[in-house]
Trainee: 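Handing you a structure now.
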Amino acid sequence: MISKAGDVVRYLHKEDEYTRYMGNGAESDFINDDDIRKRLKANREPKPHNVRPIIEKSLAIETLQPDETAALLNVKEKELWKEIFEAAGSIKKKVYDNRIVTFAPLYCSNLCVNNCLYCAFRSENNLEKRRRLSLDEVKKETEVLAKLGHKRLIVVYGEHPLSDVNYIADTIRTVYGVKVKTGRGFGEIRRVNVNAAPMSVEDLKILKEVGIGTFQTFQETYHHETYKKVHPEGTTKSDYQWRLYCMHRAMEAGVDDVGIGALFGLYDWKFEVMGLLYHARELEEHFGVGPHTISFPRLEFAANTPFIQETRYKVSDEDFKKLVAVIRLSVPYTGMILTAREPADTRREVLPLGVTQTDASTRIGIGAYSDRYDRQEAERQQFLLGDTRSLDEVIRELVEMGHIVSFCTAGYRCGRTGRCIMDMLKCGKEGHLCKLNAILTFKEWLDDFAGDETREIGEEILKKEIEEVKTQQPSAHPELMKFYRRVENGERDLYF
Ligand code: SAM
Ligand code: SF4
């Protein structure tokens, strides 16, 4: 019987689409708050000689056990943290080499029926100017991003009947349809990832058909009680389990690149890292593949949103570095996303701790890429950004740090997704192809979009990468060079 608002939400959410994954007669989900607390307590004083074998296990690209992650989270010795930070960098290098992927978010709508206490899009925020982009506006926004050379977008939406799956699918088709002429080639978006509210299997199948890359939804907080507090009862987001099992439904719908995340600052950061680990392990256990990416946004200032000042759980810069490194060690194969919420100097420090993706030239106002942009507008967006540097500036810095920026989108276009890509990454096989594709796509970007200074240092790193292929994959070198010449001569979108 439906007797209160929470029941209506559960009814609307097709309860059987998550209870079927739950044990204990659907009484409990896979996040056991008491168990997490107990493990954190039991491992509160790990000895260095117990921690080092855990680091070794991560370096062998094995997902950690909860007790192992709990031990890492509680390390006290500075020296040992140094070893953890170094291991985080080595794991990233082992699985992804020196590649880094860039993308831009495209906010399509800030209409929202929810009332999440931390977000400026929440329904009770009367100061927020509400807007949903028309498809023509989506096209204009995409054209701006494609002209900068972006090849990957993440489209973002509030939760609202006017931004349901049909609107989402229409916007994605519009993005894929954009092609802009550049000096020598053309700009286009080749992978659209989605950040949206949890959906039913039926709706997720629609996104699969449109050809999305990763489907991303953050649990925000894994702590049940806090979740309840920050997502008021009766709102659709108040249903913790509908959200928690969203990635199970995505897998069922055939969307097997899924992105999980926690919003750090709502509850104890150590608890949230444990939650992410349990989530990854649960997906591995059920589907043989864990998350394609993990995100770890920190709570940022949002206009007219007093909760942000009130939370007791703000994460310091020092703890932020620790949590990023422990996520890297806990789920060694996964992609890790650092966003422009963080200011440039934090990004520089955190990037070497295992990050694989980052956004650039980011704007999160609705229509902000093609509109005039000023500070006042900026303060009315979902939250305040820490880094608004251009794609060219960010890429220049990444190259200076020794990275090659990959615009490769071959993986999902060749069916290398989900378990297939994860298995290949773990054994280093995908890495070989990725290296070749990174060279080709970065060359394409440098020729079409880079400023003079970036092109100059970009060409240097390309030379180094090509030399590495020559020594490490000699049989692939001649074929690579054939493709490379074709890109030099103006051919575009070549990949292995
Ligand atoms: N409305 C959908 C949802 O809630 O899942 C789509 C995503 S929402 C626009 C994108 C993400 O922004 C949220 O999942 C949340 O983690 C993050 N977010 C919300 N408020 C934030 C804040 N004040 N600072 C940093 N991130 C925030
Ligand atoms: Fe809406 Fe998402 Fe913001 Fe919550 S986090 S208010 S669901 S846009």
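Just so you know, ligand 1 is whichever comes first in the structure, and atom 1 is the first atom listed for that ligand. All figures in this text were calculated on a predicted structure; none of them were measured in a lab.
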Trainee: Under a 3.5 Å cutoff, is there a donor and acceptor pairing between the side chains of Gln357 and Thr293?
Mentor: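 The criterion, which ignores hydrogens and geometry beyond distance, is not satisfied for Thr293 and Gln357.
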
Trainee: What do we get for Phe301 next to ligand 1 when only non-hydrogen atoms under 4.0 Å count, side chain, backbone, both or neither?
Mentor: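 Neither part.
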
Trainee: Indicate, with yes or no, if the rings of Tyr118 and His231 have centres closer together than 6.0 Å.
Mentor: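 Tyr118 vs His231: aromatic centres under 6.0 Å.
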
Trainee: I'd like to know if atom 3 (Fe) of ligand 2 has an N/O/S atom from Cys119 within less than 2.8 Å of it, counting both backbone and side-chain atoms.
Mentor: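 Yes, Cys119 qualifies, because one of its backbone or side-chain N, O or S atoms lies under 2.8 Å.
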
Trainee: So that I know where these two stand, are Phe264 and Phe296 an aromatic pair - ring centroids less than 6.0 Å apart?
Mentor: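 Ring centroids of Phe264 and Phe296 are no less than 6.0 Å from each other.
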
Trainee: Give the atom numbers and elements of ligand 2 that come within less than 4.0 Å of a heavy atom of Lys237.
Mentor: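 Contacts of ligand 2 toward Lys237, numbered from 1: 2 (Fe), 4 (Fe), 5 (S), 7 (S).
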
Trainee: With the threshold set at 4.0 Å, does a side-chain nitrogen-carboxylate oxygen contact exist between Arg37 and Asp33?
Mentor: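 No salt bridge links Arg37 with Asp33.
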
Trainee: Which atoms of ligand 1 are found less than 4.0 Å from any heavy atom of Ile308?
Mentor: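 Atoms satisfying the 4.0 Å criterion: 23 (N).
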
Trainee: Any idea which part of Tyr118 is under 4.0 Å from ligand 1, heavy-atom wise: side chain, backbone, both or neither?
Mentor: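 The answer is both, backbone and side chain.
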
Trainee: Would you tell me which option among Glu159, Gln216, Glu220 has the nearest heavy-atom contact to atom 14 (O) of ligand 1?
Mentor: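 The nearest heavy atom belongs to Glu220.
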
Trainee: Could you tell me whether Arg298 and Asp317 have a side-chain N and a carboxylate O separated by less than 4.0 Å?
Mentor: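 Result for this pair is yes, salt bridge flagged.
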
Trainee: As an exercise, identify every atom of ligand 1 less than 4.0 angstrom from a heavy atom of Leu263.
Mentor: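 Taking each heavy atom of Leu263 in turn, ligand 1 has 16 (O), 25 (C), 26 (N), 27 (C) under 4.0 Å.
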
Trainee: Can you list the ligand 1 atoms lying under 4.0 Å from a non-hydrogen atom of Asn195?
Mentor: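 Near Asn195, the atoms of ligand 1 are 6 (C), 7 (C), 10 (C).
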
Trainee: Take the angle between the ring planes of Tyr18 and Tyr245 and call it parallel below 30°, perpendicular above 60°, tilted in between.
Mentor: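 Correct class here is parallel.
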
Trainee: Hey, is Glu143 close enough to Lys139 for a salt bridge, meaning N to O under 4.0 Å?
Mentor: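 Yes, charged N to carboxylate O under 4.0 Å.
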
Trainee: Going by the order shown, which atoms of ligand 1 are within less than 4.0 Å of some heavy atom of Val156?
Mentor: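 Close to Val156: 9 (C).
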
Trainee: Using a 4.0 Å cut-off to any heavy atom of Cys112, which atoms of ligand 2 qualify?
Mentor: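 Atoms satisfying the 4.0 Å criterion: 1 (Fe), 6 (S), 7 (S), 8 (S).
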
Trainee: Numbering the atoms of ligand 1 from 1, which are under 4.0 Å from a heavy atom of Arg243?
Mentor: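 Contacts of ligand 1 toward Arg243, numbered from 1: 3 (C), 4 (O), 5 (O).
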
Trainee: Answer yes if the ring centres of His279 and Phe30 are under 6.0 angstrom apart, and no otherwise.
Mentor: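 Centroid separation for His279 and Phe30: below 6.0 Å.
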
Trainee: What atoms of ligand 1 come within less than 4.0 Å of a heavy atom belonging to Glu300?
Mentor: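 Selected atoms, number and element: 22 (C), 23 (N), 24 (N), 25 (C).
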
Trainee: Report the C-alpha distance between His286 and Glu282 in whole Å, list the side-chain angles of each, state the deciding distance to 0.1 Å, and finish with yes or no for side chain to side chain donor-acceptor pair (under 3.5 Å).
Mentor: CA-CA 6 Å; His286 267 282; Glu282 164 80 10; 3.2 Å; yes

Trainee: Between Lys237 and ligand 1, is there a nitrogen or oxygen pair with a distance under 3.5 Å?
Mentor: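 Yes, Lys237 has an N/O under 3.5 Å of an N/O on ligand 1.
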
